[in-house]
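The next block holds one structure in the form of structure tokens; read it before the comments.
Heavy-atom basis, side chains included; hydrogens, waters and symmetry copies ignored.
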Amino acid sequence: MNRSFKIFLITISLVVGAAINGWAADQAAEVTIGIAWQQKASNFYRAIQAIKAAGGKPVILPQMRPAGFAYDGTEIQAKYLDGNGILLQQYADMVKRDTYHGTDIDSVMRDIDAVVFLGGGDISPTLFASPEPWHGIEAELNYQTTRDLSEYLTMTYCLDHDIPILGLCRGMQMLTVVSGAPLIQDLGAYYRSLGKQDRYVHRSARDADGNRHYTPHDVTVTDTTSLLYSICRTTTIHNVPSWHHQAAGDISGTPLRVTAVTTHDGVDVIEAVERTDRHFALGVQFHPEEAVRMHLAGEPQATQFMPLEDAVKYFKALIGAASRRIKAKAYTRSDVTVNGKTADECYMFFAVLGKAEQGSPAGAEAELSLLLNLYESRHPGAADPSIQEVAQWATDCGWFAHASRRWETTAGPEYVAVAHSVLGGKRVMPSYILEHDCVEDLAYIETDGVRYSPYQKDKYVSGVTVCYQATVHEHNGRRFGFRKPSHWIFYSFPTAKSDPFGYLCGDDCPHHNSVSEEDIVR
């Protein structure tokens, strides 16, 4: 990468009106939010405003370039493109295969806590998992291939390292493409193929000067257990600013889930997607940052769009996720042994423990991440413990069922690889996740003040649902529960078969802290 493109901090001082006073938590002021690079610097302004309004510190990221590609200035050389400006298939295949490997993105992202990906032009369809030709509409020939490459590398890095991301419009489309799904390349053509008419629901018609503008419409949230719902807290998001002619296509077979749509003339268009395998990877097809800009500027048309406080929520949620982001230390020291255990024996112990507790590599990642979080919370002064010391603690602490027996068995190489990865610093649970229980150990859950059985997984909402642990009770002939019942906030199910993981309530939380036998819901 051309090293002249270093991270530079945005120092623009914005006058944020009294309407947003008090919104930013003290913690959020230290959170650094990267804005993915693009050529047109003026496009950063709205994102800068929104991040600052939410209490974060915006940073424009440098351009990322695939290893071995040649550039003229900031632009990819023409030899890589076809006559329409689309990345040639052979080079698209190289980008999809190699992504950010061979670049210096590790140093670029070292101090970045989360990334926003902005709106813009079309994405080269050769980058789709199943490549497509261009849509064939001359009036919509607006590919931004140089930007495609930078964003593809940056986004794959964020996903691989579980860095929180928020994709806006094109940013959601890039999340769709990187995750393996295609795009509807033109909504007008798509509607016509179904015998319907678009009628400019998703962007305005051209005015007398040939310009388009943002148009407001409502979005239906389809999943009340989603990250999106935990942000907006409504099943209808009113008057989102919209301006796009492409949209996410069929997400089948990808780690994405659809969490919102707009329905017009009987046709659903996807308005939000989330990665089910990451803690905060959200894409919305609309533009909350534009609503922020219009309201702060006092523009008359701002009243047509979502309120300022609703638009800022998306950036506050990103900052919240970033402020809790894992900055995990590695546990690889093995020169101090305990009970004569070697490093390889310890890695196998952790591999077996993760498999036994969760039954899948993804679940094992979560279990071992929680294990290290617990260790650190209970040993705040431990400077550089060996993996043998951590393994001994896991054996003795009583948290992990039958842990002492795990030394006697083995697990497959995929679980050993998980142990090496997690102990090497690549956790999949934020450091504040310290709770995990079998549903049999829960009396009930509570979402928005309504009580449900802990077995009702569709009622769990991340960051909202309170999990109440049961008093000691019998279930299927076995005793479960706690002498001193407690409660905690649900975070996620690492896999479909996992039990819930979460974090402790604060001392001043409003939730009551007692569970009686009759409270147990089955």
Side-chain angles (χ1 to χ4, degrees), residues 1-8 32 34-41 44 59-118 120-132 143-165 167 170-171 173-181 183 254-255 275 277-278 281 330 417 420-421 424-426:
M1 190 181 84
N2 186 331
R3 297 303 298 159
S4 65
F5 295 98
K6 301 282 189 180
I7 295 178
F8 59 97
T32 301
I35 305 173
W37 177 89
Q38 59 173 283
Q39 295 96 322
K40 194 172 181 181
F44 295 124
V59 170
I60 299 176
L61 296 179
Q63 180 184 14
M64 296 308 305
R65 302 179 178 187
F69 282 58
Y71 284 71
D72 291 327
T74 61
E75 295 295 322
I76 189 77
Q77 289 187 354
K79 67 181 180 180
Y80 299 102
L81 311 178
D82 69 10
N84 295 312
I86 296 172
L87 189 64
L88 289 169
Q89 192 62 60
Q90 67 189 91
Y91 301 113
D93 291 341
M94 291 172 61
V95 171
K96 288 185 282 187
R97 182 193 67 212
D98 299 334
T99 62
Y100 56 84
H101 299 289
T103 73
D104 62 350
I105 194 169
D106 275 317
S107 63
V108 166
M109 297 295 293
R110 182 170 295 125
D111 297 318
I112 302 299
D113 299 306
V115 178
V116 175
F117 294 83
L118 303 179
D122 297 352
I123 298 169
S124 288
T126 51
L127 286 172
F128 298 176
S130 298
E132 298 179 7
Y143 291 102
Q144 298 181 342
T145 309
T146 297
R147 181 180 172 188
D148 289 348
L149 301 179
S150 185
E151 290 188 344
Y152 197 101
L153 271 57
T154 304
M155 186 171 284
T156 54
Y157 183 90
C158 289
L159 290 171
D160 283 355
H161 294 80
D162 206 13
I163 297 171
I165 61 176
R170 172 192 158 97
Q173 293 165 11
M174 183 58 77
L175 178 60
T176 301
V177 170
V178 167
S179 300
L183 299 179
T254 76
R275 281 285 291 257
D277 58 343
R278 294 295 178 266
H420 278 274
S421 176
K426 294 185 178 179

message = Show the nearest heavy-atom pair for residues Ile123 and Tyr143, with the distance to one decimal.
response = O-CE2, 3.5 Å

query = Side chains of Gln39 and Gln144: is there a donor and an acceptor less than 3.5 Å apart?
reply = no

ask   = Just by distance, with hydrogens left out, do Tyr157 and Asp106 show a side-chain donor and acceptor under 3.5 Å apart?
value = yes

ask   = Is the shortest heavy-atom distance from the side chain of Val115 to the side chain of Met109 under 4.5 Å?
value = yes

task = Return yes if some donor-acceptor pair links the side-chain N/O of Thr156 with the main-chain N/O of Leu153 below 3.5 Å, else return no.
result = yes

Heavy-atom pair with the smallest gap, counting every atom of Ala67 and Thr103 = N-CG2, 4.2 Å

ask   = If you take all heavy atoms of Gly120 and Arg147, which pair is closest and at what distance?
value = CA-NH1, 3.5 Å

key: Residue list, salt bridge (charged side-chain N to carboxylate O under 4.0 Å, His left out) with Asp122, at least two apart or on another chain   = none

ask   = Between Pro125 and Ile86, is any pair of side-chain heavy atoms under 4.5 Å apart?
value = yes

query = Where the side chain of Asp162 meets the backbone of Arg278, is there a donor-acceptor pair that is under 3.5 Å apart?
reply = no

ask   = Once you round to the nearest 0.5 Å, how far does CG of Asp104 lie from CZ of Arg110?
value = 10.0 Å

query = About how many Å separate CE of Met64 and CH2 of Trp37, when rounded to the nearest 0.5 Å?
reply = 11.5 Å

query = Would Thr146 and Gln63 satisfy side chain to side chain contact (heavy atoms under 4.5 Å, CB included), going step by step from the backbone distance to the final call?
reply = CA-CA 9 Å; Thr146 297; Gln63 180 184 14; 3.3 Å; yes

query = Does Thr126 use its side chain to pair, donor to acceptor, with the backbone of Leu87 at less than 3.5 Å?
reply = yes

query = Which heavy atom in Ile112 sits nearest to a heavy atom in Gly34, and how many Å separate them?
reply = CG2-N, 3.8 Å

request  = Verify side chain to side chain contact (heavy atoms under 4.5 Å, CB included) between Arg170 and Leu183, making sure each step is shown before the conclusion.
outcome  = CA-CA 11 Å; Arg170 172 192 158 97; Leu183 299 179; over 6 Å; no

request  = List the steps, then state whether side chain to side chain contact (heavy atoms under 4.5 Å, CB included) holds for Asp160 with Tyr100.
outcome  = CA-CA 10 Å; Asp160 283 355; Tyr100 56 84; 2.7 Å; yes

task = Report yes if the side chains of Val177 and Phe128 come closer than 4.5 Å at any heavy-atom pair, otherwise no.
result = yes

ask   = Under 3.5 Å, side chain of Asp82 to main-chain N/O of Asn84, donor-acceptor pair present?
value = yes

inquiry  = Can you see whether Asp93 engages Gln89 through a side-chain donor-acceptor pair at a distance of less than 3.5 angstrom?
reply    = yes

query = Can you find a heavy atom in the side chain of Leu175 that is under 4.5 Å from one in the side chain of Phe117?
reply = no

task = Give the minimum heavy-atom separation between Ala129 and Lys96, together with the two atoms involved.
result = O-NZ, 4.3 Å

key: NZ (Lys426) with more than 12 external heavy atoms under 6.0 Å   = no

note = Heavy-atom closest pair (Thr74 atom, Arg65 atom, distance to 0.1 Å) is CA-NH2, 3.6 Å

task = Give the C-alpha distance, both sets of side-chain angles, the deciding distance and a yes or no for side chain to side chain contact (heavy atoms under 4.5 Å, CB included) between Val59 and Thr32.
result = CA-CA 7 Å; Val59 170; Thr32 301; 3.4 Å; yes

